[in-house]
A.B. asks: 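There's a structure below that I have some questions on.
Proteins get letters first, then strands, A, B, ... in listed order; numbering begins at 1 in each.
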Amino acid sequence: MSWRVSMSSGSSWRFLQSAQYRRTGNPSLLSSSDFFLNFEIDDVILSDDSTSAEEDFDSLVLFGSLRGNVVGLRYYTGVVNNNEMVALQREPNNQYDRNAVKVNNINGEQVGHIKKELAAALSYIMDNKLARVEGVVPHGANNAFTMPVNLNFWGKPENKQAVLDRMKIHGYKLGPLPASSPAFASGPSFKAPGLQAVQMTTEQLKTEFDKMFEDLKEDDKTKMLEPSKAVGTVLLPHQKQALSWMVSRENSNNLPPFWEQRNKFYYNTLTNFAEKEKPESIRGGILADDMGLGKTLSVIALILTNFHNGQPFPTGKSRQLKKESYCGEMYGESVPSQKQSKAKNKGKNESLMSRKDKMDPCPSDNSSSRPKREQHRKVKYTFSSDSEDGGESIPRKIKASSACSLQDDNQFAMALFGGTPITKKISKKKGTTIPKTLSSGPSDELPRTTLIICPLSVLSNWIDQFEQHVKPDVQLNIYVYYGPERSKDPEVLSKQDVVLTTYTVVTHDYGNKSENPLHKVKWLRVVLDEGHTIRNPNAQQTKATLSIQAERRWVLTGTPIQNSLKDLWSLLSFLKLKPFTEREWWHRTIQRPVTMGDQGGLSRLQSLIKNITLRRTKTSKIKGKPVLELPERKVFIQRIELSDEERHVYNSMRDEGKAIISRYFNEGTVLAHYADVLVVLVRLRQLCCHPHLVSSTLSSVASTGDGTPEELREKLVNKMKIVLSSGSDEECAICLESLNMPVITYCAHVFCKPCICQVIHSEQPNAKCPLCRGNICQEHLVECPEEEPESLLKQEQKWMSSSKINALMYALTEQRNKDPRIKSIIVSQFTNFLSLIETALRESGFIFTRLDGSMTQKKRTEAIQCFQSSDAESPTIMLLSLKAGGVGLNLTAASRLFLMDPAWNPAAEEQCFDRCHRLGQTKEVIITKFVVKDSVEENMLKIQDKKRELAAGAFGTKKPTSNEMKQARIAEIRTLVDL
DNA sequence: ACCGCCGGGTGCC
DNA sequence: ACCGCCGGGTGCC
């Protein structure tokens with residue numbers, strides 16, 4: 001896949017990758033350019049299952065070219081310009097010729113057919129996917145009956161001969177093309193693949209990339225905009241810039257990138273396609289600011305500031321004006337959108353305000369300006385209340401934390417899949433009414449509602465942020481579309497100001513034939529949070545998300561690391577950027593040229609990205625000052641010596657475990673006993689923390705190999721509970737990311753449920769485990785709760801401390817003596833360990849709070865608010881389970897963090913550190929990692945280093961195969977147990 | 001003439 | 001299509 005190509009093609013790209021990888025090794029060095037330097041990372045392992053061969057565009061080489069003819073032009077409406085790209089499409093059911101090959105223009109309109117003799121040759125090649133055949137019409141305009149077409153044959157090297165042979169049978173010979181066609185149409189590599197591509201020096205390339213974002217000199221990205229009065233938070237300069245940029249993008253009628261007006265036509269400079277109809281402006285884009293720069297706040301400000309027709313959300317008493325136009329602050333370019341223009345032209349609205357009127361400030365709280373309001377009476381968009389007595393001041397409506405009790409995320413997910421979803425609605429105070437929907441007015445009106453789609457883990461963060469940043473007296477209706485009682489009535493949704501939902505719900509809704517309100521409502525605006533979640537174009541989730549209809553579309557993505565050039569397509573497709581909604585045009589005009597090192601492709605990519613993306617990093621500067629001046633962050637590793645008793649227990653368990661595992665090694669059955677191995681490792685890790693964490697002995701854990709299937713299954717589930725409840729942050733071997741709805745196979749390997757189901761589905765009927773090739777089937781997958789409520793701890797045991805707790809308590813006490821108000825976060829993967837620590841904290845008189853996965857959303861919010869409070873009585877310590885809370889979790893009240901046990905995945909640790917080292921942190925952050933000397937924990941550090949190295953790009957290594965993956969796991973186990 | 005030639009009809013797959 | 005191709009009309013000069 002892309003990895004292979006990039007390795008064999010332009011050396012500058014290879015260098016780029018290495019440069020990138022080296023930098024990611026140290027997260028603090030991430031720069032804006034990393035967003036793109038990452039384009040070649042391919043993060044899908046089992047690609048055979050997840051992507052079909054035809055989509056594997058990147059590994060194709062040009063076999064050669066051929067001049068052919070398109071016939072039958074007069075029967076079709078599709079027209080083609082000189083040098084315009086065309087798409088070839090097989091038409092096997094054509095009643096005259098089963099070899100028929102249709103020719104379509106960029107818009108998908110049929111232009112004609114490939115002449116039958118040539119079609120006879122092409123059909124076999126196309127049907128067997130021996131080559132992709134791409135066409136460019138050299139002189140397309142004004143041809144009445146036929147037109148020539150230059151065909152380029154692209155395929156995998158191993159298919160080249162077969163294609164040449166096949167063409168020869170039909171009397172065709174592939175050769176070079178006349179040089180006239182655009183470079184990216186034929187591919188610059190034809191002369192000598194990869195070698196002749198224009199080589200830029202690394203310095204040049206780097207400069208190019210850096211320019212893309214660090215050179216934010218464009219007006220639209222440096223202008224600031226004060227938010228609507230409805231925003232209760234003072235925006236930072238870079239957030240005002242984001243707001244200005246987003247508002248101007250939403251109100252802009254500019255042509256999308258690569259489109260020009262030429263005479264009466266709109267012309268696409270990439271494909272040479274022209275049409276009379278103006279292509280839709282891209283009223284949105286990608287907000288790719290680094291984590292912690294406040295993307296959520298920027299979007300909330302956007303919603304409130306550009307609420308309707310360039311006007312802000314009504315604040316204060318203006319809200320109460322019944323059937324009156326709101327005339328307050330006016331933002332953006334004040335260019336009417338197309339819809340508005342249409343409305344105007346309808347003639348019904350003779351008295352629509354002139355532009356001057358619109359700009360005329362009409363203070364929202366000046367309720368005595370009758371005449372003026374009369375003047376505006378007929379303006380269509382009103383913010384009126386249904387009730388006649390809507391005049392009273394309305395108290396705050398967003399009461400996420402109390403009005404709704406989101407339960408545990410997992411329960412939610414389970415309830416959802418169990419068909420009993422749970423609803424949460426941020427309810428309004430009884431007696432007030434939802435303002436009349438704007439979308440229920442005349443059809444030309446813009447819809448009212450903003451739909452926000454996010455992963456479940458950040459849903460509560462959105463609610464919190466609305467709560468925090470919307471002024472208390474602003475009546476913003478937010479509906480959380482989630483859970484069993486959610487209203488399936490599109491009318492209800494389209495009356496809201498904001499609807500919050502998750503990707504999972506969107507996918508469910510999409511699959512639902514009758515009740516799919518999310519896909520029935522025409523939204524004003526849709527915002528994809530963590531937009532990279534739609535990067536797999538084949539995923540149902542992506543398809544479901546892409547089919548949401550909205551005027552304005554935004555993608556938020558803060559972890560550019562996950563973006564590859566490939567991923568960008570889904571986003572562009574979501575933004576409805578013509579002609580990229582069709583993958584072929586994206587590949588032919590941008591992706592392939594770029595991966596082949598074509599300079600033109602690169603500059604096209606740059607101008608595209610520049611046009612639709614705003615990205616600032618933690619190190620970006622505004623007028624020479626960093627946008628974000630985060631205090632320093634220091635990470636210390638503190639080695640712990642176990643006490644003699646602890647060491648004794650540890651060593652005997654270690655020896656026992658080693659014996660078990662080395663037996664598996666000798667038998668070659670390590671992966672088959674993976675569950676047992678993991679249990680051993682968990683036990684050892686637990687012993688490093690506290691002896692009481694381990695209740696059973698290992699001998700009860702090791703598989704005996706007998707027992708009924710039910711017993712085996714139960715044992716397995718128990719083992720997995722141990723493993724999973726410990727927060728062992730295994731990645732899914734299929735998607736290589738942290739587990740999403742983990743399930744375990746009978747062979748004890750854990751995958752994301754969607755991932756493994758896809759594998760099972762595609763390998764039917766004899767699906768094999770991707771890790772051990774054991775038989776798997778859907779019915780035998782066991783769903784594992786991500787967090788197990790406390791059950792392992794032996795309650796009757798008398799409390800005692802441990803070496804690690806002692807070290808922690810020493811540090812905490814020391815610190816309290818220095819400054820009693822310093823707040824700390826204590827992180828462990830073992831929630832039981834946190835409970836043991838609680839006792840120690842109580843004994844020493846610390847006030848603490850706690851956040852773990854077993855808590856309801858309500859309790860979590862309470863805990864966070866409590867901890868973040870600056871009250872003198874507020875807790876100074878937060879006990880946090882490593883994986884609790886999403887990326888949005890903000891614990892900046894703490895400036896100290898104690899990581900009690902190392903995580904498998906260094907990225908998980910980093911993410912955890914960022915919860916206090918982020919926007920809003922004013923103090924230097926000191927992080928202490930406790931690691932037990934001469935133990936599995938030290939070995940885990942080694943593995944962390946290796947993983948970092950790997951992530952930092954072992955040059956020249958190709959993508960690991962499933963076998964290499966297995967070997968890597970086995971090697972990891974060896975390292976962990978010193979075998 | 002089992003041809004050549006003429007000129008009208010016709011035209012994707 | 002200002003082509004090619006088809007097939008009917010036609011047939012010394």
A.B. asks: Counting only Watson-Crick or G-U wobble pairs whose two distances fall under 3.5 Å, which nucleotide matches dC2(C)?
C.D. replies: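 The base-pairing partner of dC2(C), which may sit in any strand shown, does not exist here.
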A.B. asks: Stacking between F145(A) and the base of dG11(B) (centre distance under 5.5 Å, interplanar angle under 30°)?
C.D. replies: no
A.B. asks: From the options V111(A), I106(A), N105(A), select the one residue that forms a side-chain contact (heavy atoms from CB on, under 4.5 Å) with E109(A).
C.D. replies: N105(A)
A.B. asks: Mind listing the closest non-hydrogen atom pair of N775(A) and K768(A) along with its distance?
C.D. replies: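 Nearest pair, atom of N775(A) first, then K768(A): OD1-NZ, 3.2 Å.
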A.B. asks: Mind calculating the distance between CG (N69(A)) and P (dG4(C)) to the nearest angstrom?
C.D. replies: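 Computing the N69(A):CG to dG4(C):P distance gives 13 Å.
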A.B. asks: Have a look at K102(A) and say if it touches a base, only the backbone sugar-phosphate, or nothing, with a 4.0 Å heavy-atom cut-off.
C.D. replies: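 No contact.
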A.B. asks: Send over the distance from R98(A) CZ to dC13(B) C1', rounded to a whole Å.
C.D. replies: 13 Å
A.B. asks: Ignoring hydrogens and angles, are the base of dC13(B) and the side chain of N94(A) linked by a donor-acceptor pair under 3.5 Å?
C.D. replies: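 Yes, a donor-acceptor pair under 3.5 Å.
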A.B. asks: So which nucleotide from dG11(B), dA1(C), dC13(B) ends up closest to the side chain of Y96(A)?
C.D. replies: dC13(B)
A.B. asks: Measure CG/D97(A) against C1'/dG11(B) and give the value in whole Å, please.
C.D. replies: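 D97(A) atom CG is separated from dG11(B) atom C1' by 17 Å.
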A.B. asks: Please measure how far the C1' atom in dA1(C) lies from the corresponding atom in dC6(C), and state the result in whole Å.
C.D. replies: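 Between the two C1' atoms, the distance is 15 Å.
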A.B. asks: Measure from the side chain of Y75(A), starting at C-beta and using heavy atoms only, and say which of dC12(B), dA1(C), dC13(B) lies closest.
C.D. replies: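 Of all the options, the side chain of Y75(A) is nearest to dC12(B).
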A.B. asks: Counting only side-chain nitrogens and oxygens, does K116(A) get under 4.0 Å of the OP1 or OP2 atom of dC12(B)?
C.D. replies: no
A.B. asks: Are the side chain of W586(A) and the backbone N or O of Q591(A) linked by a donor-acceptor pair below 3.5 Å?
C.D. replies: no
A.B. asks: NZ of K115(A) versus P of dG4(C): gap in Å, rounded?
C.D. replies: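 The answer, rounded to whole Å, is 11 Å.
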A.B. asks: Could you tell me the separation between the CG atom of N142(A) and the P atom of dA1(C), rounded to a whole number of Å?
C.D. replies: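 Spelled out: CG on N142(A) to P on dA1(C) is 12 Å.
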A.B. asks: Provide the distance between the two C1' atoms, one in dG8(B) and one in dC13(B), to the nearest whole Å.
C.D. replies: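 25 Å, rounded to whole Å.
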A.B. asks: Under a 3.5 Å threshold, yes or no: a donor from one side chain and an acceptor from the other, between N254(A) and R249(A)?
C.D. replies: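 Not at all, the side chains of N254(A) and R249(A) share no donor-acceptor pair under 3.5 Å.
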A.B. asks: Just the rounded figure in Å: distance from P of dC2(C) to CG of N143(A).
C.D. replies: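 Checked: the CG to P distance equals 15 Å.
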A.B. asks: In this structure, how many angstroms lie between the P atom of dC5(C) and the CD atom of E117(A), rounded?
C.D. replies: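 After rounding, the gap between these two atoms is 11 Å.
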A.B. asks: How long is the line joining OH of Y76(A) and C1' of dC12(B), in whole Å?
C.D. replies: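 Those two atoms, OH and C1', are 6 Å apart.
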A.B. asks: What does I114(A) touch in the nucleic acid at a heavy-atom separation under 4.0 angstrom: a base, only the sugar-phosphate, or nothing?
C.D. replies: sugar-phosphate
A.B. asks: Counting only N and O atoms by type, is there a donor-acceptor contact under 3.5 Å from the side chain of N94(A) to the main-chain atoms of D97(A)?
C.D. replies: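 At least one qualifying donor-acceptor pair exists.
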